[in-house]
Number of protein chains: 2
Amino acid sequence: MSRPRITSHDVARRAGVSRTTVSLVLSGSGRVALSPETRKRVMRAAEDLGYKPNSAARMLVSGNSETIGLVVSDPSILLVDAFIPQILYGIERANREMGFHVLVEGLGAEERPGAYDHLVESRRIDGLIVLNPRVGDEALVSLIEKGFPLVLVGSVRHKDEVSVTFTTRAAIGAAVEHVVALGHRRIGAVTFSPRGYTSRDARLAALGAAMVGHDLHLDEDAITDGNFSAESGHRAATTLLERRPDLTAVFAGNDTIAIGVLSAARALGRRVPEDLSVVGFDDLPFAPWLTPALTTIRTDGVRQGTIAAEMLFARLGHAALHPPRVRLEPELVLRRSTGPAPD
Amino acid sequence: MSRPRITSHDVARRAGVSRTTVSLVLSGSGRVALSPETRKRVMRAAEDLGYKPNSAARMLVSGNSETIGLVVSDPSILLVDAFIPQILYGIERANREMGFHVLVEGLGAEERPGAYDHLVESRRIDGLIVLNPRVGDEALVSLIEKGFPLVLVGSVRHKDEVSVTFTTRAAIGAAVEHVVALGHRRIGAVTFSPRGYTSRDARLAALGAAMVGHDLHLDEDAITDGNFSAESGHRAATTLLERRPDLTAVFAGNDTIAIGVLSAARALGRRVPEDLSVVGFDDLPFAPWLTPALTTIRTDGVRQGTIAAEMLFARLGHAALHPPRVRLEPELVLRRSTGPAPD
DNA sequence: GCTTTCTACTAACACGTGTTAGTAACACGC
DNA sequence: GCGTGTTACTAACACGTGTTAGTAGAAAGC
């Protein structure tokens, strides 16, 4: 271990040229003329010695780290919700293709003003992707206003933010249409999180709006909040179904919550879909294999992650420009957890 | 944006001392004497200016990046298996506590000899944690033999490896005991992956051994291989149950696979647990909320990740020494998916 | 009063790279 | 023969930090 590092100096000596030449060959912009023969010789020497440039030195002089930061607002969500890994995968793959690295950083519960400063100011990263941002995160807003290269997976409703989100109106509209067509009129919801997470609020608003379009109303007491986990979904659904036993359809905030809803329904002796229809959100890979197979709204987390990464590369000048806000369109997937309303 | 960076030079000027003094105050080993008053003044100046040391410069001179690499052997597993996020969470949290950063790197399908060299030789990371290593990964073995600080979450059965794994004998023994006590004698298995992943092989071997202890035999045709996803579990279980309709109990390679097994059983008209008992592995957060609630073997992924990180810190000299191989003991959790064997 | 020890600080180097300005050699045009 | 380019290369600086060797001044020892 700790055998002496090979530096560009060693390569230069072996190739019989100056260190400058080595640098120009291996990472020069081509603005300086070099004979093809010298080029070959240097590259050969580098290859022979197994030369890998020291990234710290490179960062120092260039100012770029070829690394992006990925901030997971509340990392404990990782434990229970399978959606984040999809996004992570998309981001990681896109970065790998660009030769970039991904630094994963969790934020604790504390959201003090300087939360991101350490990462940003230490120049460790060139840009940032923030997952599940919360409206009102001041540290985040200040970073946006400073103009730091930043992409949100989600939204904080800031005019200058760059973000990837999913529209909800059309798909939830279609889902409501589907459920209403099956005869349901008393519809409830179990969200995936407390208030403040924009996509929770957006999904709920879209549900309410779609119901109004059918002369229905989403009652306040027909909503209970989950907290990311299946267990929280089970508890919230139990509360909901005991308070409002007349409900015949429930929209779950996401598929993990839906697992809990299915479990709660079963525990209360309600058969799905005969007595109760359940609609999920996300279409995670396990959704078709639940009992019963879940009707849900498909969002493509991998794509969302990939696009977030591409938008960031664009801001860093490495890719074609994107519009500042990308909104993806999810899609209704019909399976077995929705059926005709009971009489 | 891009306002001039604040360097230690600026802090020095403001505090009226030399740059050296600033460096000594903020990160010196205390071997040089400094008056308390100067200390205060420097710290005050740094605070006022919001000084954050440039990490690249620091890395360059110190040789440490305070970053560990986390290699996910096959990142697409992220998409379908919820166990990896548990480990990731544990690692991330431990690193955050130590002030370390985590660089996540996926390996493509290609496993050429120099797979890890880029990360290691570029000095971007101080140490490495490898998830789901595969026996026979030469690049990995060569890294181990070079003595690079490396911790495996899993094993490649190398004599010098440092690894965290789960024992399987006792817990699987208990599970077999439980199932046999319920009257089952024809037992099958659906693995979570093809051959070559050590924990697949270990779980299968432990199952076979435990069965022998009860004068039973795990037939070759009572085993089918899944491939991480619930879908693959469904397919493999369907094949298995059609080939061996006499089986009354099935061990699933993990809980995600178990989702598929439950789904397949239902599709074939086999009730769980009345007609078929199912045992999972991992006790993921959703396991209690499946239909029926899953009997499974609890492994603590977060703890595994935390310990892996601590072992690495130990190797880097930042923490107390660990034994080179830690084996955690999982625990049988009884729920509703196992019941008396049908007559 | 002279040397010695101690305190508080700093000058100067090192880390390994990218890049700009500059040079030496040579060809070319007139 | 002299300026003008062109080609192929290199010396020297910059990036921002950690650390060692060294210095000036004061205190202490005798």
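As a basis for the values below, the full set of heavy atoms in this structure was taken, side chains included, without hydrogen atoms, waters or symmetry mates. Residue numbering restarts at 1 for every chain, and letters A, B, ... go by the order of the sequence lines.
- Taking the ring centroids of B:Tyr116 and B:Phe148, they lie at or beyond the 6.0 Å cut-off.
- The two residues B:Pro85 and A:Leu78 come nearest to each other via the heavy atoms CB-O, 3.5 Å.
- Within a 6.0 Å sphere centred on CZ of B:Arg303, heavy atoms belonging to other residues, nucleotides or ligands number 12 at most.
- The CD1 atom of A:Ile6 sits 17 Å away from the C1' atom of C:dC15 (whole-angstrom rounding).
- Closest contact between the side chain of B:Arg19 and the listed nucleotides D:dA8, D:dC15, D:dT19 involves D:dT19.
- Considering only side-chain N and O atoms, B:Ser8 lies nowhere under 4.0 angstrom from the phosphate OP1 or OP2 of D:dG16.
- If you take CZ of A:Arg13 and P of D:dC9, they are 19 Å apart, rounded to a whole angstrom.
- Other residues, nucleotides and ligands place more than 12 heavy atoms under 6.0 Å from the CZ atom of B:Arg325.
- A straight line from NZ of A:Lys52 to P of C:dG16 spans 16 Å, rounded to a whole angstrom.
- On a pure distance criterion of 3.5 Å, no polar donor-acceptor pair joins the side chain of A:Thr38 and the base of D:dA8.
- Using a 4.0 Å heavy-atom cutoff across all strands shown, B:Ser23 reaches at least one base atom of the nucleic acid.
- Between the C1' atom of D:dT17 and the CG atom of A:Asn54 lies a distance of 14 Å, rounded to the nearest Å.
- Proximity note for B:Ser35 (side chain, C-beta onward) versus D:dC15, D:dT17, C:dC9: the nearest is C:dC9.
- Applying the 6.0 Å contact sphere to CE of B:Met98 captures more than 12 heavy atoms from other residues, nucleotides or ligands.
- Within 4.0 Å of A:Val17, counting heavy atoms only, lie sugar-phosphate atoms of the nucleic acid but no base atom.
- Here the C1' atom of nucleotide C:dG16 and the CZ atom of B:Arg124 are 14 Å apart, to the nearest Å.
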- Task: Mind running salt bridge (charged side-chain N to carboxylate O under 4.0 Å, His left out) on B:Asp10 and B:Arg14 for me, showing each step along the way?
- Result: CA-CA 6 Å; B:Asp10 302 325; B:Arg14 177 165 180 127; over 6 Å; no
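- Place B:Pro53 and A:Ala33 on DNA chain D by their nearest nucleotides, and A:Ala33 ends up nearer the 5' end.
- Contact between the side-chain N/O atoms of B:Thr20 and the OP1/OP2 oxygens of C:dT10 is not found at any separation under 4.0 Å.
- Between B:Ala57 and B:Thr21, the residue anchored closer to the 5' end of DNA chain C is B:Thr21, taking for each the nucleotide with the nearest heavy atom.
- With C:dT19, C:dT17, C:dT10 as the candidates, the nucleotide lying closest to the side chain of B:Leu24 is C:dT10.
- Proximity of A:Arg58 to the phosphate of C:dG18: a side-chain N or O atom is located under 4.0 Å from OP1 or OP2.
- Summarising the geometry, the separation between CG on A:Leu60 and C1' on D:dG18 is reported as 13 Å, rounded to the nearest angstrom.
- Side-chain proximity of B:Val32 to C:dC9, D:dT17, C:dT17: nearest is C:dC9.
- Of the listed nucleotides (D:dT20, C:dT17, D:dT10), D:dT10 has the atom at the smallest distance from the side chain of A:Ser18.
- Comparing C:dC9, D:dG16, D:dA8 by their closest approach to the side chain of B:Leu34 singles out C:dC9.
- As a whole-Å value, the separation of B:Met59 CE from D:dT19 C1' is 19 Å.
- Atom C1' of nucleotide D:dG16 and atom CD of A:Glu121 are separated by 15 Å, given to the nearest angstrom.
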